[in-house]
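Everything below concerns the one structure shown next.
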Protein chains: 2
Amino acid sequence: MAQTQKTRYAILGALTVFPMSGYDIKKWIKDTTGSFWAESSGRVYPMLSEMLREKFVTCNLTQSVGKRCKKTYTITAKGKAALKTWLTKPPQPTVSRDELRLKLFYGKNLTKAQYLKHTLEQQKNMQQRLKYYQKIQAHIKTAHNDISDSFYWLLTIKGAIYHARAELAWCKDIHKIMASKDLASLKKSHKSISFT
Amino acid sequence: MAQTQKTRYAILGALTVFPMSGYDIKKWIKDTTGSFWAESSGRVYPMLSEMLREKFVTCNLTQSVGKRCKKTYTITAKGKAALKTWLTKPPQPTVSRDELRLKLFYGKNLTKAQYLKHTLEQQKNMQQRLKYYQKIQAHIKTAHNDISDSFYWLLTIKGAIYHARAELAWCKDIHKIMASKDLASLKKSHKSISFT
DNA sequence: GATTACATGTAAGTTGTTACATGATTAA
DNA sequence: TTAATCATGTAACAACTTACATGTAATC
């Protein structure tokens, strides 16, 4: 019964930073909250129209460089109120589908090489992410003087960094365990794997 | 174009452990891979019928305790082959929607108390999870002698434990930062927040 | 006597993605 | 000149959830 429609709040949140067009919003969401939130244009544009009808946002046309018109949306007091109401509600734990973990869980059905291919790829991805996060972090610290937002962004990035580090530590552990033992000898020693 | 249908593989994976009924499968998925994978009965039962037609599984009726009949599904060679093909493919990074993170990212729009309510709740949840994982971990180590599976399960749990620990460390950091500074003084000192 | 667990399934609705259509501008 | 970015939007489809229907058996 309870309609979530979280796309709505992801958009409203973005508009508390500054007014944006649909295109901007999609890009913003990808660039800032991309590691834990995604929206497609097929949702953003219809949702903006809906929220315009509901007076959660206002729209004014701005001419961008050429003749193309750009619709810049601004959040209203009503929109802000709706956002705040949602923000204060306890977040419902969405069980994400982590494909990597599912594949590794049923790793019995993979060869050692296939298994390691997945974890090495994950390790590489997490290393890249970590670098990306640290770059963003430095960027926010230096370029942003609008404290009210950037304080919270830094805390969020910190969480992302911790997450990436945990994934890296996990991958390393796996590689250590897989490298030191061949699968045939695991029967004897698997119980001694350290789980500190 | 590329149809994912991951429910299919979550089920097939479960059936590589032992034959199960639809009810068992749903319970199994929840109990073992529940922290990173979810399936609803509205998907499990139709998918089992579909896979029966495709000869990925076979079905035989077993009388459970009373008169209720139970359909026990067994994975076929064809099903195993399909699973292995999928397992070896690089997992596509599904961007989950982490509601907590979105809410904290736009934390500017929350009061300090509201913000802390979310992070304290997350801390509590992660502590509970951690205990749960450690219980399961101990259980697998002692009760399971079928090494081929349990080795991979232990590695997966290790990842879950690392993840929970990272979340806990993050929450603690947030509480430290939020406690030591009142929001009014943040303007001066936010750049000195340690991001080690 | 009530609730929970077992057990299978369907139907309606929601939510979301992908691909497409359209076209300007800008950089390699 | 080819591709990428800017810019808005729709239509078709895919995927998933929730609530319901139905009934047994065990436990509290």
Taking atom [atom2] of [N] as reference, at what distance in whole Å does atom [atom1] of [X] sit?
X	N	atom1	atom2	answer
B:Q92	C:dT18	CD	P	9 Å
B:M47	D:dC16	CE	P	8 Å
A:W37	C:dG16	CH2	C1'	12 Å
B:L61	C:dG9	CG	C1'	15 Å
B:K30	D:dC16	NZ	C1'	17 Å
A:L48	D:dA7	CG	C1'	13 Å
A:I11	D:dG9	CD1	P	12 Å
A:Y45	D:dA7	OH	P	9 Å

Between A:A38 and B:S49, which has a closest nucleotide on DNA chain C that is more 5'? B:S49
The answer to which of B:R97 and B:S41 contacts DNA chain C further toward the 5' end, by nearest nucleotide, is B:S41
Do A:L155 and B:L104 have side-chain heavy atoms sitting under 4.5 Å apart? no
Are any non-hydrogen side-chain atoms of B:T32 and B:V17 less than 4.5 angstrom apart? no
Centre-to-centre under 6.0 Å for [X] and [Y], is that the case here?
X	Y	result
B:F18	B:W28	yes
B:Y152	A:Y115	yes
A:W170	B:Y162	no

Short side-chain N/O contact from [X] to OP1 or OP2 of [N], under 4.0 Å:
X	N	result
B:K71	C:dG9	yes
B:T7	D:dC16	yes
A:S40	C:dT18	no

Nucleotide nearest [X] (side chain, heavy atoms from C-beta), chosen from [options]:
X	options	answer
B:Y73	D:dC6, D:dA7, C:dG9	C:dG9
B:D24	C:dT10, C:dA7, C:dC6	C:dA7
B:R43	C:dT8, D:dC16, D:dT10	D:dC16
B:Y23	D:dC6, C:dA5, C:dG9	C:dA5

Which part of the nucleic acid, if any, lies within reach of B:G22 when heavy atoms closer than 4.0 Å are counted: base, sugar-phosphate only, or nothing? sugar-phosphate
